Amino acid sequence: MERTFIMIKPDGVQRGLIGDIISRFENRGLKLVGAKFLQVPSQLAEDHYAEHRERPFFGELVTFITSSPVFAMVWEAPNAISIARSMMGKTNPVDSLPGTIRGDYGISLGMNIIHGSDSAESAAREIAMWFTQNELTMYEQTIGKWI
Ligand code: IDP
Ligand code: MG
């Protein structure tokens, strides 16, 4: 079983896409085990995007992600990380295919609606950064058995 950190960015929240994005993950069969709506503190934004600190767009990225509320979630499923990444579509809008979240809703590289962990290491790091243990449900213990 795997968990991934997913965040609907300020543009996705403002465009009213929270419900659609949750539906896509629910319909696919991933299980929601944590969620929160928040305006991101700058320190959290900088830590979250630490791997991009030296990139020229880092300042704009942090400014954007802290500009208005985001919707942060943890989803659970077998292979949740790669399944969520394929549902999101590629980072570059030229490559994000129709049928994916980015491919259906966006043409902007910076305002690309959604973030999702890109590896098991990132997922562990991001989940721990955004959620405390007791904000996350133990799915099998509280909701039902995975089959
Ligand atoms: P990802 O979100 O698909 O994992 P990353 O390469 O980790 O993509 O980049 C993080 C975010 O930074 C992207 O989602 C995008 O919003 C932004 N970004 C990436 N590359 C650029 C760029 O060249 N210019 C402006 N923003 C960028
Ligand atoms: Mg990334």
Side-chain angles (χ1 to χ4, degrees), residues 1-139 146:
M1 199 53 59
E2 205 169 77
R3 286 177 166 189
T4 188
F5 174 72
I6 301 291
M7 171 181 47
I8 304 173
K9 298 183 182 185
D11 56 324
V13 172
Q14 288 177 27
R15 291 174 57 192
L17 296 174
I18 294 175
D20 176 90
I21 290 169
I22 290 176
S23 289
R24 286 174 182 244
F25 285 105
E26 284 188 329
N27 290 342
R28 184 73 191 268
L30 291 86
K31 305 299 186 189
L32 184 65
V33 296
K36 61 172 80 163
F37 184 76
L38 75 159
Q39 186 144 3
V40 186
S42 350
Q43 191 60 59
L44 176 57
E46 286 173 23
D47 291 345
H48 174 79
Y49 281 124
E51 65 171 313
H52 299 304
R53 191 171 286 130
E54 307 304 330
R55 310 279 284 276
F57 59 84
F58 181 72
E60 277 179 26
L61 184 56
V62 169
T63 299
F64 170 57
I65 220 73
T66 57
S67 63
S68 71
V70 304
F71 194 69
M73 297 165 280
V74 177
W75 289 89
E76 185 179 296
N79 307 304
I81 297 164
S82 50
I83 289 174
R85 290 286 297 191
S86 70
M87 290 170 68
M88 287 164 48
K90 301 278 190 206
T91 312
N92 187 329
V94 171
D95 300 321
S96 29
L97 297 177
T100 66
I101 294 164
R102 288 169 172 170
D104 284 348
Y105 295 126
I107 49 162
S108 164
L109 175 58
M111 294 186 183
N112 60 0
I113 304 155
I114 189 164
H115 165 86
S117 308
D118 63 5
S119 65
E121 296 68 38
S122 309
R125 193 180 76 86
E126 292 168 3
I127 291 168
M129 185 180 293
W130 287 80
F131 287 88
T132 63
Q133 200 62 38
N134 61 11
E135 288 172 327
L136 299 172
T137 291
M138 301 302 294
Y139 185 81
W146 270 101

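Below, all heavy atoms of this structure are taken into account, side chains as well, without hydrogens, waters or symmetry copies. Because the structure is a prediction, the values reported are computed rather than measured. Whatever order the structure lists them in is the order used to number ligands and atoms, beginning at 1.
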* Arg102 to ligand 1: N or O pair under 3.5 Å? ->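 N/O-N/O distance under 3.5 Å: yes.
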* **Heteroatom distance test (His52, ligand 1): nitrogen or oxygen, under 3.5 angstrom** =>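 Such a contact does occur with ligand 1.
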Numbered atoms of ligand 1 (with element) below 4.0 Å of [X], judged on heavy atoms:
| X | result |
| --- | --- |
| Gly110 | 16 (O) |
| Lys9 | 13 (C), 14 (O), 16 (O) |
| Asn112 | 13 (C), 14 (O), 15 (C), 16 (O) |

Which value, rounded to the nearest 0.5 Å, describes the distance between [X] atom [atom1] and [Y] atom [atom2]?
| X | Y | atom1 | atom2 | answer |
| --- | --- | --- | --- | --- |
| Lys9 | Ser108 | NZ | OG | 9.0 Å |
| Ile127 | Thr4 | CD1 | OG1 | 6.5 Å |
| Ile114 | Arg85 | CD1 | CZ | 10.0 Å |
| Lys31 | Glu26 | NZ | CD | 8.5 Å |

* Pick from Thr91, Ile65, Asp118: the one approaching atom 8 (O) of ligand 1 most closely through a non-hydrogen atom ->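 Of the listed residues, Thr91 has the closest heavy atom.
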* Give the minimum heavy-atom separation between Ala123 and Ile81, together with the two atoms involved. =>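 Taking Ala123 first and Ile81 second, the nearest heavy atoms are CB-CD1, 3.8 Å.
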* To do: Name the orientation class of the two ring planes belonging to Trp130 and His48 (parallel below 30°, tilted from 30 to 60°, perpendicular beyond 60°).
  =>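 If you compare the ring of Trp130 with that of His48, the planes turn out perpendicular.
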* To do: Would you please classify the geometry between the Phe71 ring and the Phe37 ring as parallel, tilted or perpendicular, with 30° and 60° separating the classes?
  =>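 Rings of Phe37 and Phe71: tilted, 30 to 60°.
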Return the closest protein heavy atom for [atom] as residue, atom name and distance.
| atom | answer |
| --- | --- |
| atom 18 (N) of ligand 1 | Phe57 CE1, 3.5 Å |
| atom 16 (O) of ligand 1 | Leu109 O, 2.9 Å |
| atom 4 (O) of ligand 1 | Arg85 NH1, 2.8 Å |

* Asked: So, does Leu61 sit close enough to ligand 1 that a heavy atom of it is under 4.0 Å from the ligand?
  ->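 Leu61 counts as a contact of ligand 1 under the 4.0 Å cut-off.
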